[in-house]
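Atoms within each ligand, like the ligands themselves, are counted from 1 in listed order.
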Amino acid sequence: MKIRNSTDLLWDQLREIHSFETLVENTLPGLADQAGNRTLAALLRNDRKYCTEQRQTVENICERHGWDPRGDECKAMKGLIDGGNSHLSEVESDEVRDLMLVAHCGRIKHYEIAAYRFSSDLALSSGFTEDGDALAGIADEEELVLANLESVGAGLLGASTVEGGRW
Ligand SMILES: [Fe+2]
């Protein structure tokens with residue numbers, strides 16, 4: 001699509017978000033299955049539900065404007081997911097795998113938060129208050145998931161008995 005102004009840019013950003021939410025939605029069940037720590041597994045399963053709702057919110061925003069949210073493939077998120085999966089496949093210890101899942105999912109969350117914060121600011125500055133507020137609400141949800149991930153990670157690091165000592 002041609003991006004000529006800030007409204008086109010918002011649509012472009014929402015298409016990218018729609019694409020990466022779909023990618024994350026499809027990836028999370030496999031990641032949750034790999035988690036040995038129950039809290040981490042529950043957190044990842046729960047995050048998938050958030051993903052579905054968030055994708056639907058983005059679809060609703062686009063629908064209100066008559067924009068099609070489909071048609072983009074978020075290459076950055078695809079690379080992030082593929083990269084993390086390839087590192088995960090090399091892990092041979094359950095404890096280390098959980099730590100790597102925290103690292104992998106933390107990167108994904110940071111990417112999502114950046115996209116939602118920018119899109120929210122863009123929507124608000126374009127006068128789309130309802131959309132900007134909805135996108136800011138999603139960014140808040142993503143930040144909560146990130147904080148929970150970091151807290152699980154801190155617990156895992158504190159309890160780590162992985163060979164080689166503390167991390
Ligand atoms: Fe999300």
Quiz item: Taking 2.8 Å as the cut-off, does an N/O/S atom of Tyr116 lie below it from the Fe ion (ligand 1)?
Solution: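 No N, O or S atom of Tyr116 is closer than 2.8 Å to the Fe ion (ligand 1), so no.
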Practice problem: Quick one: sort the Tyr116 and Phe20 rings into parallel, tilted or perpendicular, breaks at 30° and 60°. | Solution: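 Geometry flag for Phe20 against Tyr116: perpendicular rings.
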Quiz item: Is the backbone N or O of Gly36 less than 3.5 Å from a side-chain atom of Asp94, with the two atoms forming a donor-acceptor pair by type?
Solution: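 Flag not set: sc Asp94 to bb Gly36 has no pair under 3.5 Å.
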Quiz item: Please walk me through it: do Arg55 and Glu59 pass salt bridge (Lys or Arg N to Asp or Glu O under 4.0 Å)?
Solution: CA-CA 6 Å; Arg55 180 177 51 72; Glu59 283 173 14; 2.9 Å; yes
Practice problem: Quickly, which of Glu142, Glu143, Glu150 forms a side chain to side chain donor-acceptor pair (under 3.5 Å) with Lys109? Name it, please. | Solution: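 Running side chain to side chain donor-acceptor pair (under 3.5 Å) over Glu142, Glu143, Glu150 with Lys109 returns exactly one hit, Glu142.
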Considering only N, O or S atoms, which atom of [X] is nearest to the Fe ion (ligand 1)?
X      : answer
Glu21  : OE2
Glu142 : OE2
Glu112 : OE2

